[in-house]
Amino acid sequence: MLDQIHWLAAVTVLGVLEQAYFFLQVIYARRLFGISPPKISGPPEFERIFRAQVNSSEYFPIFLALLWQAGLFFHQGLAAALGLLYLYARYCYFMGYKASSSERLAPIYFSAGVLWILIAVSALGIVHFFLSHYVGLNVLQLLTA
């Protein structure tokens with residue numbers, strides 16, 4: 001079983017480390033700009049870092065659910081590769097947003113595109129599972145015949 005999920009687990013750990021990095025960036029920005037919790041407003045530089053971290057955290061559970069569904073029901077390697085693309089896009093989003101709010105746009109659109117692909121791959125895998133398991137219809141065999 002572990003050989004079927006090791007890439008998904010590795011991408012998950014990388015994602016958690018990326019989230020930790022984003023959290024640390026907010027802590028450093030709070031110290032730099034003298035903004036104590038629970039305040040969330042301050043100079044635009046701080047607010048961009050804070051928003052980038054919060055936005056990334058909001059999408060993280062969605063990403064994890066799709067990563068694992070796509071990996072378990074479709075293909076682990078494809079899901080892991082898409083997961084790495086997503087994490088890279090989120091890193092670019094964070095760094096872009098940190099620099100300027102307009103520099104976040106291209107990476108956020110790219111990461112959203114990767115999520116849509118993960119949704120499609122997950123849905124295809126789940127539909128294939130239900131069809132083969134409950135209906136006895138193996139779509140892959142029909143396509144190759």
Side-chain angles (χ1 to χ4, degrees), residues 1-135 138-140 143-144:
M1 165 94 180
L2 291 179
D3 61 331
Q4 296 173 353
I5 62 169
H6 63 284
W7 289 115
L8 300 175
V11 171
T12 299
V13 169
L14 285 174
V16 169
L17 290 173
E18 181 177 69
Q19 290 297 307
Y21 173 76
F22 296 161
F23 290 135
L24 288 173
Q25 292 301 302
V26 172
I27 291 169
Y28 297 146
R30 284 188 179 282
R31 290 178 184 159
L32 178 66
F33 297 108
I35 301 170
S36 300
K39 293 180 185 175
I40 58 170
S41 60
E45 295 83 4
F46 169 77
E47 290 184 9
R48 287 196 310 269
I49 293 168
F50 181 79
R51 284 305 318 155
Q53 181 270 318
V54 170
N55 291 347
S56 295
S57 294
E58 290 169 347
Y59 276 89
F60 194 62
I62 296 167
F63 162 69
L64 286 180
L66 292 172
L67 171 74
W68 281 86
Q69 287 177 43
L72 294 175
F73 287 99
F74 195 83
H75 189 275
Q76 177 189 202
L78 177 64
L82 289 169
L84 289 174
L85 274 176
Y86 177 81
L87 294 178
Y88 176 72
R90 287 313 278 199
Y91 178 80
C92 292
Y93 164 80
F94 186 90
M95 299 313 275
Y97 206 169
K98 186 177 175 180
S100 165
S101 61
S102 62
E103 289 187 40
R104 79 190 194 288
L105 296 176
I108 195 69
Y109 294 143
F110 184 78
S111 66
V114 173
L115 284 181
W116 280 109
I117 294 168
L118 281 169
I119 289 170
V121 169
S122 297
L124 285 172
I126 292 168
V127 166
H128 177 263
F129 174 81
F130 280 120
L131 287 176
S132 65
H133 190 73
Y134 293 107
V135 181
N138 191 330
V139 177
L140 294 177
L143 292 174
T144 58

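Only heavy atoms go into these numbers, but all of them, side chains included; no hydrogens, no water, no symmetry mates.
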* Relative to each other, are the rings of F129 and H133 parallel, tilted or perpendicular (30° and 60° limits)? ->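 Geometry flag for H133 against F129: parallel rings.
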
* Could you label the plane-to-plane angle of the F33 and F46 rings as parallel, tilted or perpendicular, counting under 30° as parallel and over 60° as perpendicular? => perpendicular

* **CA sep, side-chain torsions, deciding dist, call: Y93, S111, side chain to side chain contact (heavy atoms under 4.5 Å, CB included)** => CA-CA 9 Å; Y93 164 80; S111 66; 5.7 Å; no

Nearest non-hydrogen partners of [X] and [Y], listed with the distance:
X   : Y    : result
Q76 : I5   : OE1-C, 3.0 Å
A70 : L118 : CB-CD2, 3.9 Å
P43 : I35  : CD-CD1, 3.7 Å
G77 : H75  : N-ND1, 3.1 Å
L8  : A79  : CD2-CB, 3.9 Å
I40 : E47  : O-CG, 4.0 Å

Within a 6.0 Å radius of atom [atom1] on [X], are there more than 12 heavy atoms belonging to other residues, nucleotides or ligands?
X    : atom1 : result
L131 : CG    : yes
Y109 : OH    : no
Y59  : OH    : no
Y88  : OH    : no

Calculate, to the nearest 0.5 Å, the distance between atoms [atom1] and [atom2] belonging to [X] and [Y] respectively.
X    : Y    : atom1 : atom2 : answer
S100 : L105 : OG    : CG    : 8.5 Å
Y91  : F22  : OH    : CZ    : 8.0 Å
I49  : L32  : CD1   : CG    : 7.5 Å
R104 : R51  : CZ    : CZ    : 10.0 Å
I126 : L72  : CD1   : CG    : 9.5 Å
Y86  : E18  : OH    : CD    : 8.0 Å

* Asked: Will you find, in the side chains of Q19 and S57, an N or O donor that is under 3.5 Å from an N or O acceptor?
  -> yes

* Going by atom types alone, do T12 and W68 pair a side-chain donor with an acceptor below 3.5 Å? ->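 The answer is yes; a qualifying pair exists.
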
* **Residues R30, S36; criterion side chain to side chain contact (heavy atoms under 4.5 Å, CB included); working and verdict** => CA-CA 6 Å; R30 284 188 179 282; S36 300; 5.9 Å; no

* To do: With the side chain counted from C-beta on, respond yes when K98 and Q25 share a heavy-atom pair under 4.5 Å apart, and no when they do not.
  => yes

* Walk me through it: do N55 and Y97 pass the test side chain to side chain donor-acceptor pair (under 3.5 Å)? => CA-CA 11 Å; N55 291 347; Y97 206 169; 4.8 Å; no

* Asked: Is the Y134 to F130 ring centre distance short of 6.0 Å?
  -> yes

* Taking it one step at a time, do V11 and F63 satisfy side chain to side chain contact (heavy atoms under 4.5 Å, CB included)? -> CA-CA 11 Å; V11 171; F63 162 69; 4.0 Å; yes

* Check whether NZ of the Lys or CZ of the Arg R31 lies under 6.0 Å from the centre of the six-membered ring of Y28 and within 45 degrees of that ring's axis. =>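 Geometry flag: not set, cation outside 6.0 Å or 45°.
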
* For H128 and F73, what are the C-alpha separation, side-chain angles and deciding distance, and is it a side chain to side chain contact (heavy atoms under 4.5 Å, CB included)? -> CA-CA 8 Å; H128 177 263; F73 287 99; over 6 Å; no

